[in-house]
Amino acid sequence: MDLDDESSESLLPLLQDHGLSVLPNTAGCFTAKEAVLVANLAREALGTDLIKLEVIGDDETLLPDVEQLLKAAKTLVDDGFTVCAYANDDPITCRKLAGLGCAAVMPLASPIGSGMGLVNPYNLRLIREEVPDTPLIVDAGIGTASDATTAMELGYDGVLLNTAIAEARHPVQMASAMRKAVEAGYDARRAGRIPRRLYAQASSPTEGRVNT
């Protein structure tokens, strides 16, 4: 793709005409060295310091390689990149990524493209507590609108998804549902839910009740 030729079959002019930013991705990289190379190529080609950092461990699970991920994150942050790091749902790893200066940390809900939803909401909640000041985005595994709502109710700043819409029976309708779900979860988080109670608590007043 010739990025200098606007007549070429490229989506870039369309995105730029709408004032949208491009977020390059190091998907498919298995080592820190590969990810840093791809990030630098993207910076040169697209003129952006934004990068979504993925360093995966294998082709089957597509789970991050934590050692290589942290190494790449440090290199890119030190080189002036604005790093959005795809990570395991591990509070310690996410805390380390935030400590390195990543602009956003993006823990998975479940493996990429699986549609399994939030398989470990407990860890996602711990991550929010461990990383209170860095933007958190649930990345990967969202299957339907309720997953997005739950992620936002846990205090996340957004969700990143593709397959849940692209492979839905009616993608446009699902995209609309996802937007509403994110808004609902965001509002519910800030409204503050009632406490969970072991026993029932009457919601109707008891004054004036007839006793027999």
Side-chain angles (χ1 to χ4, degrees), residues 1 3 11-12 15 20-120 123-124 126-128 130-131 134-143 147-148 151 154 156-167 178:
M1 179 181 298
L3 300 182
L11 289 174
L12 284 174
L15 297 175
L20 300 175
S21 299
V22 177
L23 177 62
N25 190 347
T26 66
C29 293
F30 289 87
T31 66
K33 182 178 180 180
E34 290 177 1
V36 170
L37 173 61
V38 169
N40 278 286
L41 290 172
R43 172 191 264 174
E44 182 176 344
L46 302 173
T48 180
D49 290 326
L50 286 170
I51 193 71
K52 183 190 173 190
L53 176 61
E54 292 186 28
V55 187
I56 61 174
D58 60 59
D59 277 324
E60 185 174 359
T61 66
L62 300 181
L63 294 174
D65 183 317
V66 173
E67 178 186 7
Q68 295 296 311
L69 172 64
L70 292 170
K71 183 177 179 181
K74 184 179 188 314
T75 300
L76 292 173
V77 169
D78 289 347
D79 199 23
F81 281 89
T82 301
V83 178
C84 303
Y86 166 64
N88 306 73
D89 57 347
D90 170 26
I92 306 305
T93 298
C94 291
R95 186 178 66 195
K96 288 183 177 181
L97 288 167
L100 289 172
C102 290
V105 178
M106 308 170 72
L108 55 85
S110 52
I112 293 173
S114 68
M116 292 291 291
L118 280 63
V119 296
N120 197 344
N123 266 25
L124 292 178
L126 285 178
I127 291 168
R128 179 74 281 179
E130 290 285 335
V131 186
T134 300
L136 291 178
I137 300 172
V138 169
D139 178 13
I142 295 290
D147 299 330
L154 288 172
Y156 280 70
D157 299 285
V159 298
L160 189 149
L161 53 89
N162 173 24
T163 310
I165 291 175
E167 294 188 6
M178 288 294 185

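Looking at residues two or more places apart in sequence or on another chain, you find a salt bridge (Lys or Arg N to Asp or Glu O under 4.0 Å) between R43 and D49, D79. In this structure L100 satisfies the side-chain contact (heavy atoms from CB on, under 4.5 Å) test together with L70, A73, K74, sequence neighbours excluded. For the side chain to side chain donor-acceptor pair (under 3.5 Å) test, no residue two or more places apart in sequence or in another chain qualifies with N120. Taking E130 as the reference, R95 meet the side chain to side chain donor-acceptor pair (under 3.5 Å) condition, with sequence neighbours excluded. Applying the side chain to side chain donor-acceptor pair (under 3.5 Å) rule to N40 yields no partners; only residues at least two apart in sequence or on another chain are considered. Legend: residues meeting side-chain contact (heavy atoms from CB on, under 4.5 Å) with N88, ordered by chain and number and at least two apart, are L63, P64, V66, D90.
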Less than 3.5 Å apart, which donor and acceptor atoms pair up between the side chains of residues 24-38 and the rest of the protein, not counting sequence neighbours?
unit_1, atom_1, unit_2, atom_2, d
N25, OD1, A27, N, 3.0
N25, ND2, E54, OE2, 3.2
T26, OG1, E54, N, 2.7
T26, OG1, E54, O, 2.7
T31, OG1, E34, N, 3.1
E34, OE1, F30, N, 2.8

Going by atom type alone, with no hydrogens or angles, which donor-acceptor pairs under 3.5 Å involve a side-chain atom of residues 112-119 and a protein atom two or more places apart or on another chain?
unit_1, atom_1, unit_2, atom_2, d
S114, OG, S110, OG, 3.2
S114, OG, P111, O, 2.8
S114, OG, M116, N, 3.3

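Annotation: side chain of M178 is in contact with side chain of I165 (closest heavy-atom distance under 4.5 Å). At least one side-chain heavy atom of Y156 sits less than 4.5 Å from a side-chain heavy atom of P107.
The minimum heavy-atom distance between A103 and T82, with the atom names listed, is CB-CG2, 3.4 Å. Scanning both residues, D89 and N123, for their nearest heavy atoms gives O-ND2, 2.7 Å. Summarising the geometry of A98 relative to V105, their closest heavy-atom pair is N-CG2, 3.9 Å, with the distance given to 0.1 Å. The shortest non-hydrogen separation linking P91 to L126 is CG-CB, 3.8 Å. Here the closest non-hydrogen pair linking D157 and P135 is OD2-CA, 3.3 Å.
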Residue pair L53, Y86: steps toward the side-chain contact (heavy atoms from CB on, under 4.5 Å) verdict:
CA-CA 6 Å; L53 176 61; Y86 166 64; over 6 Å; no
side-chain contact (heavy atoms from CB on, under 4.5 Å) evaluation trace for V138 with M106:
CA-CA 5 Å; V138 169; M106 308 170 72; over 6 Å; no
Just do the side-chain contact (heavy atoms from CB on, under 4.5 Å) check on L50 and V22 with the steps written out, would you?
CA-CA 8 Å; L50 286 170; V22 177; over 6 Å; no
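In summary, K71 and D65 do not engage in a salt bridge, as defined by a charged side-chain N under 4.0 Å from a carboxylate O.
The distance from atom CG of L124 to atom CG of L154, rounded to the nearest 0.5 Å, is 6.5 Å. The SG atom of C84 sits 9.5 Å away from the CG atom of L160 when rounded to the nearest 0.5 Å.
Checked by atom type, the side-chain pair T75/D78 shows no donor-acceptor distance below 3.5 Å.
Residue pairs that meet the side-chain hydrogen bond (donor to acceptor under 3.5 Å, both in side chains) test with at least one member in residues 134-143, sequence neighbours left out, are K52-D139.
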